[in-house]
Amino acid sequence: MRTVPLRNLGACISPDNSWMFLQGIETLPLRMERHCENALKVAEFLKNHPNVEWVRYPGLPDDPEFEKNQKYLGGKG
């Protein structure tokens, strides 16, 4: 009787939810790498688009935060 409210309210995670959570953690580095690559491609596309006036993305070399991005984020941001 006591375990049902604990499970439903989040104090105790179910085995299935634990497994799904671990699967997400295992693939997180790969997904983040892809997110960063895609974000840079989008920023470059928008920078070269004639209808876009300005783009602020730290991964672009002409951004004011580019040096900090290289130093602290390894160019991934």
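The basis for the numbers below is simple: all heavy atoms, side chains too, and nothing from hydrogens, waters or symmetry mates.
We find that E44 and K47 are not joined by a salt bridge, their nearest charged nitrogen and carboxylate oxygen being 4.0 Å or further apart.
Here E65 contributes atom CD and Y72 contributes atom OH; the two are 10.5 Å apart, rounded to the nearest 0.5 Å. Rounding to the nearest 0.5 Å places CG of D62 at 10.5 Å from CZ of R56. Rounding to the nearest 0.5 angstrom, the gap separating the OG1 atom in T27 from the CD atom in E33 is 13.5 Å.
When the side chains of ILVMFWY residues are joined at heavy-atom separations under 4.5 Å, either directly or via intervening members, F21 and W19 end up in two distinct hydrophobic clusters. L73 and F66 end up in different hydrophobic clusters when Ile, Leu, Val, Met, Phe, Trp and Tyr side chains are linked at under 4.5 Å.
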Next item on the list: Check step by step if side chain to side chain contact (heavy atoms under 4.5 Å, CB included) holds for L60 and V55.
Entry: CA-CA 9 Å; L60 294 174; V55 175; 4.0 Å; yes
Note to self: Checking K41 against F45 for the side chain to side chain contact (heavy atoms under 4.5 Å, CB included) test, could you report, in this order, the C-alpha distance in whole Å, the side-chain angles of both residues, the deciding distance, and whether it holds?
What the structure shows: CA-CA 6 Å; K41 288 178 183 178; F45 173 80; over 6 Å; no
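Looking only at side-chain heavy atoms (C-beta outward), Q23 and M20 stay at 4.5 Å or farther from each other. For the pair Q70/P58, no side-chain contact is recorded, criterion being any heavy-atom separation below 4.5 Å from C-beta on.
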